Number of protein chains: 2
Amino acid sequence: MSEQPKYRQLADALRREIVNGIYPPGARLPSESELSTRFDASRNTVRNGLKLLVSEGLVTSSQGLGYEVRSHEVFELNASRFENLTFQQNGDSYTTDVTNAGRRPHQTFRVEMKPAPEDIAERLRIEVGSTTVLRFCHRYVDDVPWSTQATYYPGWLTEQAPRLSEPGDIAEGTTRYLAGHDIEQVGYFDEIATRMPTPDEARLLEIGAGVPVLLWTRTGYSKDKRIRCTITTFRGDLNRMQYEIGDLSARNEVL
Amino acid sequence: MSEQPKYRQLADALRREIVNGIYPPGARLPSESELSTRFDASRNTVRNGLKLLVSEGLVTSSQGLGYEVRSHEVFELNASRFENLTFQQNGDSYTTDVTNAGRRPHQTFRVEMKPAPEDIAERLRIEVGSTTVLRFCHRYVDDVPWSTQATYYPGWLTEQAPRLSEPGDIAEGTTRYLAGHDIEQVGYFDEIATRMPTPDEARLLEIGAGVPVLLWTRTGYSKDKRIRCTITTFRGDLNRMQYEIGDLSARNEVL
DNA sequence: CTGTTGAGCTTGTTGGTACAAGCTCGATGA
DNA sequence: TCATCGAGCTTGTACCAACAAGCTCAACAG
């Protein structure tokens, strides 16, 4: 027996073949029993090796179907544009260029009133249990789940901005809509975390076990009040976030 | 048989007992054979359940010793404190933050010269393969691995700031040291990503294969040049990043 | 022609066994 | 006294077997 246990050798061999393109993204790996004969190992040992690759996010497994090599095309999200967010992939913005490039973004909304949970109440500086407007947003690109978003607005905002609590999209964007009703967001702070998805998130984002999610919590405030808190859940394997901070004018010179 | 498979029920039960403090951090779990009789399951099933907890980062296992409950205190990292750097008396923000949190920081350094790899060269706007100073830094909090960091500096910097390429800590912090040699960082942009750890990272950070890592790439620039690129790898389960953007003076009023 | 069923593939779960390898600690021997 | 060894615990690796559950697709019945 060589130094490395057999299941690791198996995983290393398969990993090599995957990164070398022998099994490209979307391809199916040989079945456990095939690998079992190829590597002269029991099915348990094969499963141990494959479990490594799944946990690395290289492949997914599904009952009845087999093991599939995951694609790893990365979208970049610039989070520090103060005015507006642009979702980008390879330089294409989500709202315009993606459409032009033949990609079809779409999003669905759901609105409800909900008593503020503890973490939200703390961020919005309101009482736990007080009324909030909760706007859900599910985003897709080419019908592939992209992100799920939950935005909480303190209830008092609806007096000035009633459309917040009405169902449906706000075409001009909520930031602009609020600004038009004398509620201007002058800053925000973000919290970013990562963890493995809950079963619900895995289902909504259609990701298998072994793929982390990126959690992005943005709390925005006006001159004198906190006006919203947005929690966005991304597929961690397909997203990067970017922040630009400091003297941005100088950055242009060093681009 | 109930809906959930037995190994998940087992993991759920143990997880509950861990978060409820029945098994506090540092405690040993019962051995596999004890759990086997307690849950009336085979050792394979027990191992499947424990593997879940290990991959969640809740416990570690070591051959001959058993399963130990890990500590799981979350650390918050403010990544946007650009102006505050000026007011720091000594040391870098890591040392300051950790000490302020009442915990014990500890870091080791390693310095080498290395030809610029492609991704670094692109970020530093230098030729691929040109000389860079690479400073590694492993950081611990209370002797628990916290992050590994690799900072690339373009080679020309050493003419103005020779201590960069010398081994050992730069006590006042590299940002301050560089500023003292007329190299002032006026801004930076960050990229944040998450993925599952490579085997090397899992070993260095002492995390299980199921704990995602948080990748933080910061590219800093002076008035006319890009001066460094830092890639930091964090344990994703114990870290959150925070950014504050916009009119920070207004934020003070709504704190 | 269409809808259903089931054979035959896949992975998922659970049980068992055996031995290797790492750690602790008491017994043993110099 | 002190170093060494080994019994006895722990987890790690590897094998086997059986059945459950999900998917595909061809054969079949209506």
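All chains are named by letter (A, B, ...) in the order of the sequence lines, taking the proteins before the strands, and each is independently numbered beginning at 1. If you're wondering where the values come from, they're calculated on a predicted model, not measured in any experiment.
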Starting at [atom1] of [X] and ending at [atom2] of [N], how long is that distance when rounded to a whole Å?
X: A:Gln4; N: C:dA20; atom1: CD; atom2: C1'; value: 16 Å
X: A:Arg8; N: D:dT13; atom1: CZ; atom2: P; value: 7 Å
X: A:Leu50; N: C:dT11; atom1: CG; atom2: P; value: 8 Å
X: A:Leu65; N: D:dA21; atom1: CG; atom2: C1'; value: 12 Å
X: B:Leu29; N: D:dT10; atom1: CG; atom2: P; value: 13 Å
X: B:Asn44; N: D:dA14; atom1: CG; atom2: P; value: 14 Å
X: B:Lys51; N: C:dG12; atom1: NZ; atom2: C1'; value: 13 Å
X: B:Arg28; N: C:dG22; atom1: CZ; atom2: C1'; value: 13 Å

Short side-chain N/O contact from [X] to OP1 or OP2 of [N], under 4.0 Å:
X: A:Ser31; N: C:dC9; value: no
X: B:Thr45; N: C:dG15; value: yes
X: A:Ser61; N: C:dG12; value: yes

Any idea which of [options] is nearest the [X] side chain?
X: B:Ala41; options: C:dG15, D:dT11, D:dT24; result: C:dG15
X: A:Lys6; options: D:dT11, C:dT14, D:dC15; result: D:dC15
X: A:Tyr7; options: C:dT11, D:dC16, D:dT13; result: D:dT13
X: B:Glu34; options: D:dA14, D:dT10, C:dT13; result: D:dT10
X: B:Gln63; options: D:dT13, C:dA20, D:dA21; result: C:dA20
X: A:Glu32; options: C:dT11, D:dA17, D:dT11; result: C:dT11
X: B:Arg43; options: D:dT11, C:dC23, C:dT13; result: D:dT11
X: A:Ser42; options: D:dC16, C:dT14, C:dT11; result: D:dC16
X: A:Arg47; options: C:dT11, C:dG16, D:dG12; result: C:dT11

Q. Side chains of A:Lys6 and A:Phe39: closer than 4.5 Å at any heavy-atom pair?
A. no
Q | Non-hydrogen side-chain atoms of A:Pro117 and A:Tyr152 separated by less than 4.5 Å | A | yes
Q: Show your reasoning for whether side-chain contact (heavy atoms from CB on, under 4.5 Å) applies to B:Ser165 and B:Met113.
A: CA-CA 8 Å; B:Ser165 56; B:Met113 310 296 284; 4.1 Å; yes
Q: Select from B:Gly64 and A:Gly64 the residue whose nearest nucleotide in DNA chain D is closer to the 5' end of that strand.
A: B:Gly64
Q) In this structure, which one of B:Asp190, B:Thr230, B:Thr232 forms a side-chain hydrogen bond (donor to acceptor under 3.5 Å, both in side chains) with B:Arg218? A) B:Asp190
Q. For atom CD of A:Glu122, is the number of surrounding heavy atoms from other residues, nucleotides or ligands below 6.0 Å larger than 12?
A. no
Q.
Return the CD to CD distance between B:Gln107 and B:Gln149, rounded to the nearest 0.5 Å.
A. 8.5 Å
